[in-house]
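Note sheet for the following structure.
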Protein chains: 2
Amino acid sequence: MKGREFKDAMYDGLAKLMKALANPARLEIIEMLSQGEKSVEGVVEATNLTVANASQHLQVLKNNNIVNSRREGHYVYYSLVNDDFLALYQHITKFAVSEIAVLEKTMNRQREDNHATNAVNLEELESMINDKNVLLMDVRPPSEYELGHISGAVSVPMNELLCCLKDFSKDQEIIAYCRGPFCVLADEAVKVLSENGFKVRRLDEGYPEWKMRQLKSN
Amino acid sequence: MKGREFKDAMYDGLAKLMKALANPARLEIIEMLSQGEKSVEGVVEATNLTVANASQHLQVLKNNNIVNSRREGHYVYYSLVNDDFLALYQHITKFAVSEIAVLEKTMNRQREDNHATNAVNLEELESMINDKNVLLMDVRPPSEYELGHISGAVSVPMNELLCCLKDFSKDQEIIAYCRGPFCVLADEAVKVLSENGFKVRRLDEGYPEWKMRQLKSN
DNA sequence: CAATTATTCAATATACTTATTGAATATATT
DNA sequence: AATATATTCAATAAGTATATTGAATAATTG
């Protein structure tokens with residue numbers, strides 16, 4: 001192989017990987033799968049996609065070694081290929097949010113609109129984890145909580161939150177978290193809880209970021 | 001802003017960044033600019049692109065906050081926007097080379113074809129740096145060497161190597177390095193030198209990877 | 001200020017990507 | 001075996017990306 005051919009092969013391959021990531025629907029699917037495996041139907045429920053379209057995007061991700069699939073009965077379950085990919089995805093989102101002005105601004109505005117500007121980060125959370133006056137609340141759907149959650153967290157799915165407000169004390173500080181920085185469930189939870197007189201903040205990151213942080217420290 | 005609008009804005013922005021990276025020509029330009037700033041002409045010399053095409057790709061990179069430009073006389077010089085981006089780029093290439101089978105295979109074959117399978121990595125290099133019996137050879141064009149090089153390296157541009165073989169001792173071990181893992185200059189140098197009876201290996205990475213490693217350790 | 005050099009712009013033709021539709025397949029249930 | 005359910009496939013039309021060409025612009029030199 002000539003030098004130019006080698007370079008072309010490498011850059012073409014690299015570009016192919018980037019192309020697989022260069023679509024908003026696929027990025028959202030990746031974020032959903034970073035909570036744990038999901039069937040096509042599960043992906044559809046968590047996004048705005050049609051079944052055929054979600055399946056098509058999942059094929060693209062599969063052909064680029066970003067996701068794996070396994071069949072179980074009627075369902076085909078998809079999952080991220082490994083934690084190295086999850087680390088890469090988080091590196092990309094972190095860069096985008098901190099270095100691309102438009103995204104930083106959109107993010108800040110979203111937090112402001114939901115009284116969630118005083119977000120807690122993972123480092124701060126660590127120092128609060130043994131505090132009996134702090135309640136860590138996972139507001140994702142129960143299926144995602146079951147596939148993995150921050151240790152010590154209580155599952156309070158967002159769509160059940162309003163019904164069980166009376167179960168929580170207004171003396172405790174509540175930290176709500178969800179899928180990650182782009183997920184709005186924790187923002188919605190903060191809004192509802194603060195409007196009802198609770199002390200509440202959201203976690204800046206989500207479960208997948210906590211998981212990767214745990215992995216690194218071991 | 002509704003939750004769905006926020007998500008769309010974030011994923012669209014993220015996808016836009018990925019799209020800017022989803023082209024082999026632009027990835028090669030990024031690799032060239034990671035050696036230091038270059039004019040459009042400089043980029044053209046280092047790649048296979050026409051002037052108009054290179055300029056067009058540079059505009060795309062500029063519109064996505066990946067490169068900056070400054071004018072000096074006739075020339076417009078482009079450079080990577082910051083080291084955070086360089087870190088991201090290196091994270092991407094590292095993932096691709098170690099996790100995408102086709103790329104790993106292509107890479108290994110290239111190394112084999114050039115008797116360069118016994119590459120040295122940056123960690124190993126560190127322990128050799130004070131060894132008087134090791135000659136560290138920068139085979140990139142002199143302009144790139146001048147913009148920054150591994151400390152202790154001697155500049156021996158690839159196209160001048162054949163003329164000055166007599167200047168080097170066959171007792172010293174030579175470590176050749178260039179722009180990075182996708183650059184073929186060091187492979188060519190290893191081929192020429194080993195065919196002429198020198199003890200030679202290539203550095204697995206290149207100058208930009210060394211630079212980022214230095215940054216991290218400080 | 002005319003000529004030169006480096007870069008950018010604009011237009012175009014080709015190729016790729018995507019969402020949508022409806023049909024096909026594969027597994028499980030009755 | 002027939003039916004139901006979940007997923008994939010195939011075809012299409014609309015939108016997007018790219019390399020190429022030649023003209024336009026911007027700064028320098030003679």
Side-chain angles (χ1 to χ4, degrees), chain A residues 4 7-9 11-30 32-33 37-79 143, chain B residues 4 7-9 11-30 32-33 36-64 66-79 143:
Chain A
R4 189 66 245 173
K7 274 185 168 183
D8 285 345
Y11 289 119
D12 284 356
L14 212 48
K16 197 164 164 275
L17 173 66
M18 293 297 97
K19 276 194 181 117
L21 298 177
N23 176 282
R26 285 197 290 273
L27 289 167
E28 191 175 2
I29 290 175
I30 288 167
M32 293 310 160
L33 296 184
E37 66 171 12
K38 275 190 153 62
S39 65
V40 179
E41 203 181 17
V43 168
V44 167
E45 265 168 39
T47 60
N48 254 356
L49 302 168
T50 63
V51 173
N53 198 198
S55 173
Q56 197 171 283
H57 283 305
L58 284 162
Q59 298 313 308
V60 174
L61 293 173
K62 194 177 171 181
N63 292 334
N64 284 278
N65 290 292
I66 294 170
V67 306
N68 281 331
S69 68
R70 70 180 181 90
R71 180 150 214 148
E72 193 181 308
H74 278 318
Y75 299 90
V76 176
Y77 291 94
Y78 286 88
S79 54
S143 60
Chain B
R4 190 66 245 173
K7 274 185 169 184
D8 285 345
Y11 289 120
D12 284 355
L14 212 49
K16 197 163 165 275
L17 173 66
M18 293 298 96
K19 278 197 180 115
L21 298 178
N23 175 284
R26 287 199 288 275
L27 290 166
E28 190 174 2
I29 291 175
I30 288 167
M32 294 308 160
L33 296 185
E37 66 171 14
K38 276 189 155 61
S39 65
V40 179
E41 204 181 15
V43 168
V44 167
E45 265 168 40
T47 59
N48 254 357
L49 303 168
T50 62
V51 172
N53 199 199
S55 174
Q56 198 171 283
H57 283 305
L58 283 162
Q59 298 312 309
V60 175
L61 293 173
K62 194 177 172 180
N63 291 335
N64 285 279
I66 294 170
V67 306
N68 281 330
S69 67
R70 70 179 180 89
R71 181 150 214 147
E72 192 180 307
H74 277 316
Y75 300 90
V76 177
Y77 291 94
Y78 286 88
S79 54
S143 59

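Heavy-atom basis, side chains included; hydrogens, waters and symmetry copies ignored. Proteins come first, then strands; the chains are lettered A, B, ... in the order of their sequence lines, and each starts at number 1.
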* **B/Asn53 CG to C/dT12 C1', straight-line distance once rounded to whole Å** => 14 Å
* Value rounded to 0.5 Å, distance of CD in B/Glu41 from NZ in B/Lys38 -> 12.0 Å
* Asked: A/His74 side chain: which of C/dA19, C/dA28, C/dT5 is closest?
  -> C/dA28
* Along DNA chain C (nearest heavy atom to each residue), the more 5'-positioned of A/Ala22 and A/Ala52 -> A/Ala22
* For the side chain of B/Arg26 and the backbone of A/Ala15, is there at least one donor-acceptor N/O pair under 3.5 Å apart? -> no
* Structure fact -> Outermost contacting nts on DNA chain D, any atom under 4.0 Å from chain A heavy atoms, listed 5' then 3', are D/dT5 to D/dC9
* Asked: How long is the span from the CG atom in A/Leu61 to the CG atom in A/Leu27, to the nearest 0.5 Å?
  -> 9.0 Å
* May I have the distance from A/Asn63 (atom CG) to C/dT18 (atom P), rounded to whole angstrom? => 13 Å
* Asked: Quick one: B/Gln59 CD to C/dT7 P, roughly how many Å, whole number?
  -> 11 Å
* To do: Scan B/Tyr77 against the nucleic acid and name what it touches under 4.0 Å (heavy atoms): base, sugar-phosphate only, or nothing.
  => nothing
* Atom CD of B/Glu37 to atom P of C/dA6: distance rounded to whole Å? -> 17 Å
* Structure fact -> Of B/Arg26 and A/Ser69, the one whose closest nucleotide on DNA chain D sits nearer the 5' end is A/Ser69
* Value rounded to 0.5 Å, distance of CG in B/Asp12 from CG in B/Leu17 -> 13.0 Å
* To do: Would you classify A/Ala25 as touching base, sugar-phosphate or nothing, given that sugar-phosphate means primed atoms plus P, OP1 and OP2, and contacts are heavy atoms under 4.0 Å?
  => nothing
* To do: Return the value, rounded to whole Å, for the distance between atom OH of B/Tyr78 and atom C1' of C/dA6.
  => 11 Å
* Gap separating the CG atom of B/Asn53 from the NE2 atom of B/His57, nearest 0.5 angstrom -> 4.0 Å
* Structure fact -> dist A/Asn63:CG -> A/Leu58:CG (nearest 0.5 Å) comes out at 11.0 Å
* How many Å lie between CG on B/Asn23 and C1' on C/dC16, as a whole number? -> 12 Å
* Sugar-phosphate only, base, or nothing, as touched by B/Gln56 at under 4.0 Å among non-hydrogen atoms -> base
* Asked: Pick the nucleotide of DNA chain C nearest each of A/Lys19 and A/Arg71; which residue has the one closer to the 5' end?
  -> A/Lys19
* A/Asp8 with A/Arg4: basic N within carboxylate O range, under 4.0 Å -> yes
